[in-house]
Amino acid sequence: RNYYAITCYNNNKLYCAPLWASSVLAIDGKTEETSMISINVEAQMIYQSVAQLGNKLHFLPHKGASTLVVDGETGNIETHYDANFDVKDIKDMKWNSIARCGKKLFCGPYRSDSILVLEDR
């Protein structure tokens with residue numbers, strides 16, 4: 001229940017989206033050792049899906065106001081606020097899933113009237 005989705009980064013590490021957790025769960029694919037990457041956010045259905053684009057992992061906001069980005073090589077985190085987010089409506093769980101297509105990430109609508117498209121900048 002703490003983590004919702006998982007993705008593999010470069011056939012080496014796995015990362016789990018923190019739905020009810022305050023950290024990203026990282027799993028070493030070879031040794032199966034786990035570690036946590038703190039996101040400094042109180043967890044309440046914040047990030048539900050994750051996809052890799054370049055060397056970054058993008059965690060889709062489910063009830064959050066920003067995307068969470070983790071550098072797959074260093075584990076450093078950053079958040080990206082996007083003009084498409086209506087912050088007063090973050091409780092409405094706008095997007096539900098994320099997939100990479102070429103150099104873009106597409107986020108499927110849950111209660112949103114539109115898709116969310118993220119690009120590698």
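Below, each value reflects all heavy atoms present in this structure, side chains not excepted, and no hydrogens, waters or symmetry copies. Just so we're clear, the structure is a prediction, and the values are computed from it rather than from any experiment.
- Heavy-atom contacts from other residues, nucleotides or ligands closer than 6.0 Å to CG of N10 number more than 12.
- Across all non-hydrogen atoms, the minimal contact from Y47 to A17 is O-CB, 3.8 Å.
- Side-chain contact between L53 and L118: absent, with no pair of heavy atoms (C-beta onward) separated by less than 4.5 Å.
- G29 and L14 get closest at one heavy-atom pair: CA-CD1, 4.0 Å.
- One distance of note links OG of S49 with CG of L19; it measures 9.0 Å at 0.5 Å rounding.
- Residues P18 and S23 approach most closely at CB-O, 3.1 Å, considering heavy atoms.
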Give the C-alpha distance, both sets of side-chain angles, the deciding distance and a yes or no for side chain to side chain contact (heavy atoms under 4.5 Å, CB included) between T67 and L105. CA-CA 12 Å; T67 56; L105 295 174; over 6 Å; no
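- Interatomic distance, K56 NZ to N76 CG, rounded to the nearest 0.5 Å: 8.5 Å.
- Considering all non-hydrogen atoms of both residues, I37 and I77 come closest at CG2-CG2, 3.5 Å.
- Interatomic distance, CG of D28 versus NZ of K13, reported as 6.5 Å (0.5 Å rounding).
- The line from CZ of F106 to CD1 of I98 is 10.5 Å long, rounded to the nearest 0.5 Å.
- Side-chain contact between T7 and Y9: absent, with no pair of heavy atoms (C-beta onward) separated by less than 4.5 Å.
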Please lay out, stage by stage, how R100 and H58 fare under the test side chain to side chain contact (heavy atoms under 4.5 Å, CB included). CA-CA 10 Å; R100 183 179 56 83; H58 296 260; over 6 Å; no
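- Taking both residues in full, the closest heavy atoms of Y3 and V24 are given as CE2-C, 4.2 Å, listed atom of the first, atom of the second, then distance.
- Looking at heavy atoms from C-beta onward, V50 lies out of side-chain contact with V70 at the 4.5 angstrom threshold.
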Side chain to side chain contact (heavy atoms under 4.5 Å, CB included) assessment of D71 paired with N55: CA-CA 6 Å; D71 185 303; N55 68 334; 3.6 Å; yes
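- Between the side chain of E32 and the main chain of T34, no donor-acceptor pair closer than 3.5 Å is present.
- Contact record, P109 with I115: CD-CG2, 3.8 Å, taken as the closest heavy-atom pair.
- For the atom pair I27 CD1 and E33 CD, the distance stands at 12.0 Å (nearest 0.5 Å).
- One distance of note links SG of C107 with CG of L116; it measures 4.0 Å at 0.5 Å rounding.
- For the pair V69/E78, a side-chain contact is recorded, criterion being any heavy-atom separation below 4.5 Å from C-beta on.
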